[in-house]
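Take a look at the structure below.
If you're wondering where the values come from, they're calculated on a predicted model, not measured in any experiment. Each ligand, and each atom within it, is numbered from 1 in the order the structure gives.
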Amino acid sequence: MRFYIAHMLELDIPEVVEIEEISNLSRWGYDGYLSDLVYNPMAIMIVARGDEPAAMTRRVLGFLVGRVVPSALHSGDELHINNVGTHPDFRRFGIGRKLIQEANTYATSYGALRSTLEVRASNLPAQQLYLNLGYQVAGRRRNYYSEPEEDGLFMEKWLTL
Ligand SMILES: CC(C)(COP(=O)(O)OP(=O)(O)OC[C@H]1O[C@@H](n2cnc3c(N)ncnc32)[C@H](O)[C@@H]1OP(=O)(O)O)[C@@H](O)C(=O)NCCC(=O)NCCS
């Protein structure tokens, strides 16, 4: 399945929110995405678009949002990935992997030294994706998530290695 990565546009937000809701991701909602898109120059907001007829029924097959922020643990900046999701009809085509790789490439060009994220302790598919991309578990955050309440694993990857 062919797809390509593009910067998120305001027109994409309804489908981004749809994927967010289907995937039970942290709720940003329309206004949350729009706010970062318009006001946050350090936001990295990208989408995957289909590049063949079967995948062009939607504008957005998957998306990633993150922010380049000063690291709380180390010197220098890091990309914190806030949300990443692929529409259920388009999973296991490499979209999640490509979104993260592209986000990390952008973050490096912004000067980020690391890439970090939290993931639900029970979310084994996402953990597998991150481990395959070279992330490591660096900590466990007790009851980090709500609805349902659950621990979060903090994962990180050095972008310079
Ligand atoms: C996690 C998620 C983003 C992966 O997206 P995707 O586009 O299907 O991922 P990819 O096709 O790029 O998968 C890359 C690799 O990740 C791993 N992976 C992805 N889904 C997996 C699954 N269900 N089970 C096991 N491994 C999985 C595999 O190693 C896979 O490589 P392979 O297909 O060559 O075996 C997607 O399942 C999703 O949107 N889940 C719901 C939202 C979510 O959990 N987001 C992460 C929050 S922290």
Side-chain angles (χ1 to χ4, degrees), residues 1-8 12-30 32-33 36-37 43-69 71-73 78-108 112 114-159 161:
M1 213 270 308
R2 291 200 314 272
F3 64 89
Y4 63 96
I5 306 298
H7 289 289
M8 190 184 293
D12 297 324
I13 297 178
E15 289 195 8
V16 166
V17 172
E18 183 197 351
I19 295 171
E20 172 201 281
E21 290 176 354
I22 303 173
S23 304
N24 205 21
L25 289 168
S26 305
R27 296 297 163 99
W28 276 35
Y30 188 97
Y33 294 105
D36 261 38
L37 204 53
I44 292 178
M45 308 180 76
I46 53 179
V47 296
R49 298 196 201 286
D51 204 16
E52 59 184 77
M56 283 161 71
T57 50
R58 304 179 52 83
R59 290 183 60 82
V60 178
L61 307 185
F63 77 97
L64 180 151
V65 294
R67 296 172 178 147
V68 176
V69 292
S71 171
L73 299 176
E78 66 187 32
L79 169 66
H80 191 76
I81 298 176
N82 299 97
N83 261 350
V84 54
T86 301
H87 187 280
D89 292 349
F90 298 97
R91 289 182 184 162
R92 299 307 287 268
F93 288 117
I95 290 175
R97 180 192 294 120
K98 189 70 181 167
L99 284 166
I100 293 169
Q101 288 172 333
E102 288 285 314
N104 286 342
T105 300
Y106 282 124
T108 303
R114 292 192 317 149
S115 179
T116 62
L117 53 90
E118 282 92 12
V119 57
R120 282 184 180 271
S122 65
N123 190 348
L124 301 182
Q127 288 169 36
Q128 194 57 52
L129 168 65
Y130 305 138
L131 289 169
N132 286 353
L133 284 167
Y135 288 78
Q136 293 181 326
V137 177
R140 190 175 182 107
R141 296 185 167 163
R142 203 165 159 68
N143 295 333
Y144 180 80
Y145 291 100
S146 56
E147 296 176 22
E149 199 170 83
E150 188 177 357
D151 291 358
L153 300 184
F154 177 67
M155 299 185 75
E156 66 178 10
K157 172 184 162 81
W158 287 92
L159 297 176
L161 296 179

Exercise. Considering only heavy atoms of N132, which atoms of ligand 1 have at least one such atom less than 4.0 Å away?
Worked result: 28 (C), 29 (O)
Exercise. Say you draw a straight line from CD1 of I46 to CD1 of I100; how long is it, rounded to the nearest 0.5 Å?
Worked result: 9.0 Å
Seminar exercise, completed: Quick look: N123 vs ligand 1, heavy-atom contacts under 4.0 Å, and the answer is side chain
For this session: Heavy-atom distances under 4.0 Å are what count here, so tell me which part of L25 touches ligand 1: side chain, backbone, both or neither.
Result: side chain
For this session: Take E118 and S26, measure what side chain to side chain contact (heavy atoms under 4.5 Å, CB included) needs, and give me the verdict at the end.
Result: CA-CA 11 Å; E118 282 92 12; S26 305; over 6 Å; no
Problem set entry | Aromatic contact, Y33 with F63 (centres under 6.0 Å) | yes
Exercise. Can you tell which part of R120 has a heavy atom less than 4.0 Å from ligand 1: side chain, backbone, both or neither?
Worked result: neither
For this session: Take every heavy atom of H87, measure it against each atom of ligand 1, and state whether any distance is under 4.0 Å.
Result: no
Seminar exercise, completed: min-distance protein heavy atom vs atom 11 (O) of ligand 1 -> G94 N, 2.8 Å
Problem set entry | Interatomic distance, Q136 atom CD to L153 atom CG [nearest 0.5 angstrom] | 13.0 Å
Exercise. Any idea which heavy atoms bring S115 and I81 closest together, and the distance?
Worked result: OG-CD1, 3.8 Å
Seminar exercise, completed: Under 4.0 Å from one or more heavy atoms of V119, ligand 1 contributes atoms 48 (S)
Exercise. Does G62 have a heavy atom less than 4.0 Å from any atom of ligand 1?
Worked result: no
Seminar exercise, completed: The reported gap from CG in L159 to CG in N104 (rounded to nearest 0.5 angstrom) is 5.0 Å
For this session: Please work out which of K98, R92, Q127, Q101 has its closest non-hydrogen atom nearest to atom 19 (C) of ligand 1.
Result: R92
Problem set entry | Close-contact set for ligand 1 against F93 heavy atoms, below 4.0 Å | 11 (O)
Seminar exercise, completed: When distances are taken from atom 18 (N) of ligand 1, the protein heavy atom at minimum range is P125 O, 3.8 Å
For this session: Please could you name the atoms of ligand 1 that S23 approaches to less than 4.0 Å, counting only its heavy atoms?
Result: 41 (C), 42 (C)
Seminar exercise, completed: For Q128, the atoms of ligand 1 under 4.0 Å from one of its heavy atoms are 26 (N), 29 (O)
Exercise. Using a heavy-atom cut-off of under 4.0 Å, does the side chain or the backbone of T86 touch ligand 1, or both, or neither?
Worked result: both
For this session: Begin with the C-alpha distance, continue with both residues' side-chain angles, and end with the deciding distance and a verdict on side chain to side chain contact (heavy atoms under 4.5 Å, CB included) for R120 and Q127.
Result: CA-CA 9 Å; R120 282 184 180 271; Q127 288 169 36; over 6 Å; no
Problem set entry | Atoms in ligand 1 flagged as close to E118, the criterion being non-hydrogen separation under 4.0 Å | 48 (S)
Problem set entry | Point-to-point distance, once rounded to the nearest 0.5 Å, from CG of L79 to CG of L64 | 7.0 Å
Seminar exercise, completed: The closest protein heavy-atom partner of atom 45 (N) of ligand 1 is V84 O, 2.8 Å
Exercise. About how many Å separate CD1 of I95 and CD1 of I5, when rounded to the nearest 0.5 Å?
Worked result: 7.5 Å
Exercise. Just heavy atoms, cut-off under 4.0 Å: does F3 contact ligand 1 by side chain, backbone, both, or neither?
Worked result: neither
For this session: Do me a favour and list the nearest non-hydrogen protein atom to atom 48 (S) of ligand 1 with residue, atom name and distance?
Result: Y130 OH, 3.1 Å
Problem set entry | Distance-minimising heavy-atom pair for A121 and E150 | N-OE2, 3.3 Å
For this session: Any atoms of ligand 1 less than 4.0 Å from a non-hydrogen atom of R97? List them with their elements.
Result: 12 (O), 14 (C), 15 (C), 30 (C), 31 (O), 32 (P), 34 (O)
Exercise. What is the distance from atom CZ of R59 to atom CZ of R49, rounded to the nearest 0.5 Å?
Worked result: 5.0 Å
Exercise. Under 6.0 Å from the CD atom of E21, do we count more than 12 heavy atoms belonging to anything else shown?
Worked result: yes
Seminar exercise, completed: Nearest heavy-atom approach of A103 to I44 is O-CD1, 3.8 Å
Exercise. For E147, does the CD atom have more than 12 heavy-atom neighbours from other residues, nucleotides or ligands under 6.0 Å away?
Worked result: no
Problem set entry | Close-contact set for ligand 1 against G85 heavy atoms, below 4.0 Å | 39 (O)
Exercise. Looking at atom 9 (O) of ligand 1, what's its closest protein heavy atom, distance included?
Worked result: G96 N, 3.7 Å
For this session: From atom 4 (C) of ligand 1, work out which of L129, I95, I81 has a heavy atom at the shortest distance.
Result: L129
Exercise. In terms of residue, atom name and distance, what is the protein heavy atom nearest to atom 37 (O) of ligand 1?
Worked result: R91 CD, 3.5 Å
